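Protein chains get the first letters and strands the later ones, always in sequence-line order, with residue 1 at the start of each. Since we're looking at a predicted model, the values are computed, not measured.
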2 protein chains.
Amino acid sequence: MTTNGRAPQRGTRRTQNASMADVARVAGVSSQTVSRVSNGFPGVNEETRDRVLAAMKDLGYRPNSAARALKRGDFRTIGVITFTLSTTGNMRTLEAIATSAAQEGYAVTLLPVAVPTQDEVRGAFSRLGELAVDAVIVIMEVHLLDSASLTLPPHVKVVVADSDAGDRYAVVDTDQAGGTRDAVRHLLDLGHRTVWHLAGPSESFAAQRRTDAWRTALESAGRAVPPPVRGDWSAESGYRAGLRLAEQADCTAVFAANDQMALGLLRALDERGRRVPEDVSVIGFDDIPDSGSFLPPLTTVHQDFAEVGRRCVESALRQVRESEAERGTTLVPTRLVVRESTGRAPRGPGGGSFRP
Amino acid sequence: MTTNGRAPQRGTRRTQNASMADVARVAGVSSQTVSRVSNGFPGVNEETRDRVLAAMKDLGYRPNSAARALKRGDFRTIGVITFTLSTTGNMRTLEAIATSAAQEGYAVTLLPVAVPTQDEVRGAFSRLGELAVDAVIVIMEVHLLDSASLTLPPHVKVVVADSDAGDRYAVVDTDQAGGTRDAVRHLLDLGHRTVWHLAGPSESFAAQRRTDAWRTALESAGRAVPPPVRGDWSAESGYRAGLRLAEQADCTAVFAANDQMALGLLRALDERGRRVPEDVSVIGFDDIPDSGSFLPPLTTVHQDFAEVGRRCVESALRQVRESEAERGTTLVPTRLVVRESTGRAPRGPGGGSFRP
DNA sequence: GGCTGCTATGTTTACGTAAACATTCGGTGG
DNA sequence: CCACCGAATGTTTACGTAAACATAGCAGCC
């Protein structure tokens with residue numbers, strides 16, 4: 001292509017971007033007219049518009065978003081602050097956020113927090129203050145937010161995903177309680193006398209709420225509440241916890257707080273010779289893409305991360321546009337996905353005790 | 001709106017951010033001095049500096065990054081363009097990119113491409129032209145890039161992750177061939193006569209390269225090359241392919257192009273009563289966090305996504321700073337992780353006869 | 001004592017855009 | 001025929017920052 005063989009004509013030296021002024025010069029109009037064309041304003045002569053467009057194309061003109069942002073006072077950008085992307089949930093949420101934002105003409109800027117300490121979070125928030133961002137979506141355990149929030153520049157709108165700061169910020173959350181209730185009911189309906197619980201880390205609000213809901217569901221059904229076993233979300237921790245659960249002879253049903261721990265649990269049970277679902281039923285939470293391929297395919301509570309992401313963006317942009325902060329919580333419903341890891345309670349103990 | 005209705009005291013209505021001028025007024029200095037303090041320049045009197053800092057704090061001053069970018073001519077931002085985040089690899093790479101970029105004072109902006117068509121990609125690239133970005137990292141199958149690349153503004157630097165556009169852009173890639181070779185050798189060393197292959201989708205360059213390397217490794221060892229079975233990276237597709245592989249009586253070793261397909265494969269084999277690793281050895285690729293908890297724990301080729309991300313940022317920033325495009329490929333080595341899904345070839349008919 | 005050279009600070013200007021305001025011009029109605 | 005209108009376009013200005021240049025004050029030196 002003849003792009004810039006030797007700089008034949010005028011200013012081909014285009015080492016920086018062309019500006020409106022450049023376009024204006026080439027098109028023989030004022031830069032204001034270029035601006036009008038650029039922003040699709042009416043009231044520009046057809047022929048003039050064409051000339052301007054030609055000049056733009058010719059020069060490879062792109063509007064400078066910094067100048068635009070400076071002039072307009074907003075950035076058309078949403079920041080996402082998150083501790084780790086390494087969980088399916090965060091990742092899927094992020095993806096939905098990015099997509100929704102793009103549809104609205106907003107860009108998404110990532111704000112990683114290396115270590116989940118208050119200092120780190122506070123640091124991220126204050127970096128964010130200097131960042132070109134109109135709103136922030138926080139995907140994180142909320143108690144880390146508690147004292148960090150104060151340093152936020154006042155005009156930045158905040159949405160918190162999967163947490164519970166409903167009194168201070170807009171929150172979009174999965175219906176943890178509902179999903180948990182469904183899971184426990186499912187198991188009780190299958191004839192299990194009670195449901196054990198492989199809980200997530202205590203620092204996590206999501207985990208905590210699943211645990212609370214599990215306890216409530218059992219209590220309201222008048223069942224015994226076994227002591228929960230705690231993991232850290234990882235499959236490995238699920239395995240370790242699973243080894244302990246496998247020793248509880250009367251454990252016939254386990255509600256794992258996420259699918260990965262359920263995976264580890266399945267391995268532990270297999271290793272200890274307890275069959276799933278014949279001896280023990282296992283249910284997870286999340287419905288990660290792989291869970292249908294576990295051994296056996298995992299019954300689990302499906303979370304609609306994409307919807308969470310969408311609603312986060314929705315709330316963020318509503319706040320930006322109406323320049324008014326929102327509060328309160330939006331719940332996104334879950335859906336029970338029954339696969340093969342849950343089944344009727346084993347015969348045995350119906351009356352008495354059974355030990356393998 | 002009391003915006004500027006009566007302006008009670010001086011600008012207490014702080015609906016917008018304070019600017020340098022505001023700080024300067026409060027501190028009783030010129031805005032240039034504020035700038036110097038803000039940027040940590042030397043040559044400012046200790047006492048003056050303190051006064052300015054106090055005023056900043058007082059007003060909650062934050063530098064306006066749009067204005068800064070406009071003045072400086074760069075954005076301190078890297079764009080990441082990617083088709084999907086839903087794969088562990090992309091996600092981990094992204095996370096590493098975000099972290100490395102943050103360390104260098106760069107923000108990361110996400111540029112999602114909904115559907116992997118050329119038009120979509122081209123669209124993303126041209127949106128990107130208007131975006132406040134100094135460099136772009138592309139995480140995507142490269143052939144979609146082929147004709148889209150041209151629309152990129154000339155001064156935006158490009159790095160391509162996990163692909164092979166080494167002649168046109170800087171590329172950072174995992175050493176697919178090396179990892180594959182290790183995997184195949186490992187299986188052959190265990191006495192398997194040959195290694196079957198559960199391949200990734202044909203559109204994927206990474207998949208293609210793993211397939212090529214697998215073939216080469218077998219050929220150079222003088223072994224037969226069974227027809228590869230193709231999946232689409234998902235566990236489900238691995239399961240379906242696995243059902244077919246399970247019927248090949250002479251199939252004692254399978255190299256799956258990623259861990260998720262290996263997961264599905266494990267399930268298919270289990271379902272068909274073929275034990276792993278006693279009857280069939282399975283090896284994966286990626287080393288996703290869960291793979292150690294599969295049934296059995298998966299032997300796999302570990303990819304250092306974090307390193308890939310780091311090097312992407314490194315190259316991107318180098319290009320930005322030296323304002324000179326790079327080319328060529330950087331390979332990040334892999335590491336074989338031996339767990340329990342691979343074992344010695346079964347006794348069977350193999351004893352000695354194998355045909356090349 | 002006047003000049004040099006340095007430090008601390010102030011003033012001007014430009015970055016690219018777009019709102020607000022100004023101008024031109026061909027028509028239209030009283 | 002002229003005041004007036006609206007359409008098309010031009011001119012001025014401001015957004016917040018920081019580079020470049022300018023100034024003021026003071027110490028040291030011949």
message = If you only use heavy atoms from C-beta on, which nucleotide in dT17(C), dT17(D), dA18(D) is closest to the side chain of N39(B)?
response =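 For N39(B), the side-chain atoms sit closest to dA18(D).
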Rounded to whole Å, how long is the line connecting atom [atom1] of [X] with atom [atom2] of [N]?
X: M56(B); N: dT17(D); atom1: CE; atom2: C1'; answer: 12 Å
X: R72(A); N: dG16(D); atom1: CZ; atom2: P; answer: 15 Å
X: F41(A); N: dG10(D); atom1: CZ; atom2: P; answer: 16 Å
X: M20(A); N: dG10(D); atom1: CE; atom2: C1'; answer: 14 Å
X: D50(A); N: dA8(D); atom1: CG; atom2: P; answer: 14 Å

Could you work out, with side chain to side chain donor-acceptor pair (under 3.5 Å) as the rule, every residue matching [X], not counting sequence neighbours?
X: S30(A); value: T33(A)
X: Q103(A); value: none
X: S38(A); value: R68(A)

task = Verify, without hydrogens or angle tests, whether E326(B) (side chain) and A170(B) (backbone) share a donor-acceptor contact under 3.5 angstrom.
result =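 No, E326(B) side chain to A170(B) backbone: no donor-acceptor pair under 3.5 Å.
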inquiry  = E324(A): which residues meet the salt bridge (Lys or Arg N to Asp or Glu O under 4.0 Å) condition with it, sequence neighbours left out?
reply    =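 Counting only residues at least two positions away or on another chain, E324(A) forms no salt bridge (Lys or Arg N to Asp or Glu O under 4.0 Å).
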request  = Not counting sequence neighbours, list each pair that qualifies as a salt bridge (charged side-chain N to carboxylate O under 4.0 Å, His left out) and has a residue in residues 25-46 of chain A.
outcome  =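 Listed by first then second residue: D22(A)-R25(A).
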task = Please collect all salt bridge (charged side-chain N to carboxylate O under 4.0 Å, His left out) contacts where either partner lies in residues 94-106 of chain B, sequence neighbours excluded, each pair once.
result =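 Every pair satisfying salt bridge (charged side-chain N to carboxylate O under 4.0 Å, His left out) with a residue in residues 94-106 of chain B: E104(B)-R321(B).
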Anything under 3.5 Å between a donor and an acceptor, one on a side chain of residues 306-313 of chain A, the other on a protein residue two or more places apart or in another chain? List them.
unit_1, atom_1, unit_2, atom_2, d
E307(A), OE1, R310(A), NE, 3.1
E307(A), OE1, R310(A), NH2, 2.7
E307(A), OE2, R311(A), NE, 2.6
E307(A), OE2, R311(A), NH2, 3.2

ask   = For the helix from dG1(C)-dC30(D) to dG30(C)-dC1(D), what is the angle between the axes at its two ends, each from 5 pairs, rounded to 10°?
value =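 End-to-end axis angle for the helix from dG1(C)-dC30(D) to dG30(C)-dC1(D): 70°, rounded to 10°.
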key: Nucleic acid footprint by protein, nucleotides 8-15 of chain C - heavy-atom cut-off 4.0 Å, B for base, S for sugar-phosphate alone   = SBBB--BB
message = When you measure from the side-chain N and O atoms of R68(A) to the phosphate of dG16(C), is any distance below 4.0 Å, counting only OP1 and OP2?
response =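 Answer is no, no contact under 4.0 Å.
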message = What's S19(A) touching, base or sugar-phosphate or nothing? Going by heavy atoms closer than 4.0 Å.
response =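 Sugar-phosphate, backbone atoms only, no base.
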query = Should T109(B) and F75(B) count as side-chain neighbours, where that means a heavy-atom distance under 4.5 Å?
reply =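 Side chain of T109(B) against side chain of F75(B), heavy atoms only: no contact under 4.5 Å found.
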